Amino acid sequence: MRGQVVVRLKREVLDPQGVTIGKALDNLGYEGVGSLRQGKVFDVELETNDPAAARSALESMARDLLANPVIEDYEIQLLDEGSAGEGLVTEEEGRA
Amino acid sequence: MRGQVVVRLKREVLDPQGVTIGKALDNLGYEGVGSLRQGKVFDVELETNDPAAARSALESMARDLLANPVIEDYEIQLLDEGSAGEGLVTEEEGRA
Amino acid sequence: MRVGVVYYPGSNCEQDAVYACRLVGLDAELVWHKQESLDGCDALILAGGFSYGDHLRCGAIAQFSPVMKQVERFASDGGPVLGICNGFQILVEMGLLPGALLANDGLKFRCQDTRMQVEKTDSPFTNAYAEGQILRLNMAHYEGNYFADEATLADIEQHQQVVMRFCGPNGERGAEHNPNGSINDIAALRNRAGNVMGLMPHPERVLTPELGSADGRLMFESLRVALTGMASAENTEPLEVIADV
Amino acid sequence: MSEIAERPRPQGDLASEAIALEHGMTSDEYAKVCEILDRQPTVTEIGMYSVMWSEHCSYKSSRVHLKTLPVEGDAVLQGPGENAGAVDLGDGIAGVFKVESHNHPSYIEPYQGAATGVGGILRDIITMGARPLALLDSLRFGQLDSGKNRHLLDGVVGGIAGYGNCMGIPTVGGEICFDPSYDKNPLVNAMCFGIAPADRIVKAVADGVGNPVIYVGAKTGRDGIYGVSLLASATFDAEAAEKRPAVQVGDPFTEKVLMEACLEIINKDLLVGMQDFGGAGLTCATSEMASNSGNGMEIDVALVPRRETGLSPYEVMLSESQERMMLVTTPEMIGDVMDIFGKWDLDAVVIGKVTDDGLLRVLEDGVMVAEVPAHSLAEDGPCYSRPYTIADPPEALCGADLPCDVDPAEVLKTLLQDPNIASKRWVFQQYDQTVRYNTVQRAGGEAAVIWLKEAGSDAAVAISLDGNPWYAGLDARRGAQLAVAEACRNVACTGAKPLGITNCLNFGSPEIEERMGQFAAAVQGMGEACRALDVPVTGGNVSFYNETVETPILPTPVVGAVGKLDRYDASVRSGFVAAGDTVWLVGAVDVSDAGLGGSAYVREFHDRRAGAPPALDLELEARLQRFLVAAAAEGLLASAKDCSDGGFAVALAEACFATPEAARTDAAQATAPRSALSGLLGAEVEIRASGDGVHAALFGETASRVVVSSRAGDDVALAALAARHDVPIAAIGKVTEAAQLRIDVAGETPVQEDIQELYATWSGALAQAMENN
Ligand SMILES: Nc1ncnc2c1ncn2[C@@H]1O[C@H](COP(=O)(O)OP(=O)(O)O)[C@@H](O)[C@H]1O
Ligand SMILES: [Mg+2]
């Protein structure tokens, strides 16, 4: 199965990258951009075909390694064999 | 409206970060991880409420700035006012 | 003859580049990224550092600075443009040089001396070197791992665009002599016309043996030769350092 | 006082004594606030007092002791009290420097904690109007067999690198020690050195009634607000507490443009005064600037740029968001100031003005929410003489007490791969050490040497940061003396004359008598050493409460020394230069009386934490340092290497590793095969020691001992110069072409080793400890 872990800075944490990119978009003439924040996405291929097992593996990877619980939250999506983003199966959110 | 641009290294480009994280997962005892690749996600808040306008704004931001076409592909998702990931409205893929 | 050293918010090697130019008798001055014109510069150096904090991708945001339209025109008119470190990253982001720069294969910032061999001396930046000469320059970067896809790479090699490659003390090649994982050990790369060159190591940090090595100095001397035809024009005047303290 | 009472009272909830206690204040402190105000304070006001009167800002437990340190000297331009100290480097140049700790944040989030620590010390230097030229770091961790400690080291080094590299300021030196006492309480101390014109050091003043007060830099968020328990109390909604980020995220890019803009403003003479927002944020900057000028200040927090909505005045006044500065300028100059900030795309706003009534008045949208005498916040904090007990210094531990049958060559190899002694290349390779093209000697030598090129000078400074925690753990007073001696000796080894020191005193809880005793003794020892060596203290930092329930850290006084070299191209390096050169021991040359207390050898092979640390004869130390400086000035030293961790044998081996060619060709990965390495030299020496004293002679860490080498033709002159300085010197052997280390002791040859192999062991050990676990 394929899965995805999206890791984002917590809302209240400063995101210097997002701020700089937002300003750059302003300078490029993009108006109407309210805010921009940058996160990370991990595309993981898992050998298991059991959604529950896959989800719990992703969950613990996110907690143990992919997200820094002090400043980041994560979100998990399980995808079918199709391309990333398509075939949304389920999703879970957590304060890492 | 809220939108999301996901930027990923092209398949043929080596992703050293992904490889390293994959190894770290191995070391932590995660078995059955076929592959792991790391990408970026940009959460953008747009002032417009018109999906078509929003999509085209995201599209051109991705093309102009957020992705480097030499090494990266991007993917766009438009979200409603709900939380990230929820309320998938539409989606588009592109070789930047 | 004047060299313009282009810098951006977050650049941090612009004064070093000006110093290096002046050391070899070239007139040099800073060009702020918001300038609309190049004020008649005869050569350009894009300085190293962390333009815009290296946010998004190194060099990605700097390419949109107001002055860059002029830089692009200058380059396409055949003017000499040298991108050092972040300057190299900006040049590839702009597409003035092919390929891209990824994170070092060790996934760490690395500051160290590194060896490279000069392959092409028919260039405004290397004419004072001997072909095959092995240099010791200093590098300091996180994203200097040069990458190009197969077709691009073949094209680069075919058109002799590789100016220098990483190597060992006797010119030997191999992973242990390649400090960042660059494909084909590419250390310095030029465009097809030869007037635009980028490299990750810093020639402006190796100008005198007292500070490690003088091997970078010849790169600036080469530029002087290219601009003035003067093979030796040692600056005998005391150097005016940009005093901003 | 009565004047205040007649004025309208600030709006907002009143703070009871209970609320003050929740802010960590004492009942007496609360009473003192009520007395100063002649009324009950508001919650906002008590928040402001609590941070300004905290240990961190007011030095209430340490001040009585710190007062005893020598702070004056010919070279001192600025002693303790401002954001950083300054010494005169000649030619109108001031050297501005300071060290500061960021220990607790680095344990919670190592990357960001260390990064923001670097950001903080940089702002201290910039605030003095100086351009930072170099960073150094002193780090302490638990041992690397623990994954947690490897994670901490990796993160901390990454954070220091991430911040300093992006700022374009080379990180050129430092030190690291590993000891179990730091397991739950690592130490991250960062030092910065910068230069300013001697006649234009900027102060944190708010002169000129009516002058505008400018806020510039990052927007304010809820970062690092104290009074945690209070936020959860009825006065504040629980949600606000939830929203407080546990750590601050550093933004070196913003700091870089902030630095350039501020320096441009100073260069154009557009400034009255400047202060960074350090601990206690806006409260600290406003009250200190006003108080320093005997003035008052009025600001409106509604004008402060924010990162999120709904911040209360309390939160704005106490926020510790990074990368912000406060400037006072004049109405005439403000246009030019704002233009410069505009050039650098920085957010800058006028948030208030200087007043004449001595009061710090805080408004929110025109409504007064706090009004307190600025002076009372900044200067009237409590000062305690806490009770303490100083332990008796332990007896010396001699070689004869410690029989050891391990082959000395094996001891040497083991010590060389102890992460405490092994090359720190894995660390400093991640630091940009060469940016700005001033770095004459990078990390890896005795002291970093930085050319003052930007001031148009041929002079250079040498900087070293040192503090052996095991010595201080055994005897805090002598440990502090030894730290001063080593830092200055390292500087002198390059040929530079030490001019002043800064210090960071990392200790446990001042409320425990033994810990307070360690602190008192350390300050006493530091003062004694500074007086003897004639190096004043120009500033520093105290970090208390470095302990967990189970253990306190070893008392850790860290000393940063700065010295001056007249010529940047004449500095002496630590490695041997040429075969045939004579090898000497200078200073404490008698290897037979080496005490072993606190040594790496005893830790490693006897598992003992006992005995007195190395003896230190401060008079001899002073003469030795003067001799080194004189010998370098006369060009008589080919190399100089201090004997410290690991003792004489380790120092000798390191002098062989650091030959100029090796230093330069060492380009390949630390972990890669050493095939690329060339140019290593060897040494053949003979020392005298009685039979069972061999280990003590080779591995004892006797202070004031330096291995130097000289060209054969200089031998006579060098010996004569040593005699003139009344410094013992002994020729012990030669530098050899063959890369072999041979040490003869009393007719035997306990050490005869291949330098290539020793080098491989030493240079790869730390990377191995980090990567192969
Ligand atoms: N944390 C660090 N950051 C930068 N440089 C370091 C660090 N730790 C050690 N170094 C460098 O490694 C060299 C050896 O350090 P150390 O073993 O403490 O030497 P010494 O005993 O001579 O003080 C010094 O040049 C020092 O600057
Ligand atoms: Mg040391």
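This one's a predicted model, so the numbers in the text were calculated from it and none came from an experiment. So you know, we letter chains A, B, ... as the sequences are listed, proteins then strands, and number each from 1.
- In this structure, D/Phe193 has no ring pair (Phe, Tyr, Trp, His ring centres under 6.0 Å) partners at least two apart in sequence or on a different chain.
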- Check against side-chain hydrogen bond (donor to acceptor under 3.5 Å, both in side chains), C/Asp113 and C/Asn138: CA-CA 4 Å; C/Asp113 285 357; C/Asn138 184 254; 2.8 Å; yes

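- Contact check on C/Arg110 versus C/Asp105 returns no salt bridge, with no Lys/Arg side-chain nitrogen under 4.0 Å from an Asp/Glu carboxylate oxygen.
- Of the listed residues (D/Ile169, D/Val257, D/Thr434), the one with the most heavy-atom contacts under 4.5 Å to chain C is D/Thr434.
- Between chain D and the residues C/His141, C/Glu172, C/Arg205, C/Lys108, the largest count of heavy-atom pairs under 4.5 Å involves C/Arg205.
- For the set D/Met167, D/Gln430, D/Gln433, D/Gln441, the entry with the most heavy-atom pairs within less than 4.5 Å of chain C is D/Gln430.
- Between D/Lys256 and D/Glu323 there is no side-chain heavy-atom pair separated by less than 4.5 Å.
- Among C/Thr208, C/Leu207, C/Asn170, C/Asp54, the residue with the largest count of heavy-atom pairs under 4.5 Å with chain D is C/Leu207.
- The aromatic rings of C/His55 and D/Phe253 sit perpendicular to each other, their planes meeting at more than 60°, with 30° as the lower class boundary.
- Contact annotation for D/Asn438: only backbone heavy atoms (N, CA, C, O) come within less than 4.5 Å of a heavy atom of chain C.
- Residue C/Tyr52 touches chain D through both its backbone and its side chain, counting heavy-atom pairs closer than 4.5 Å.
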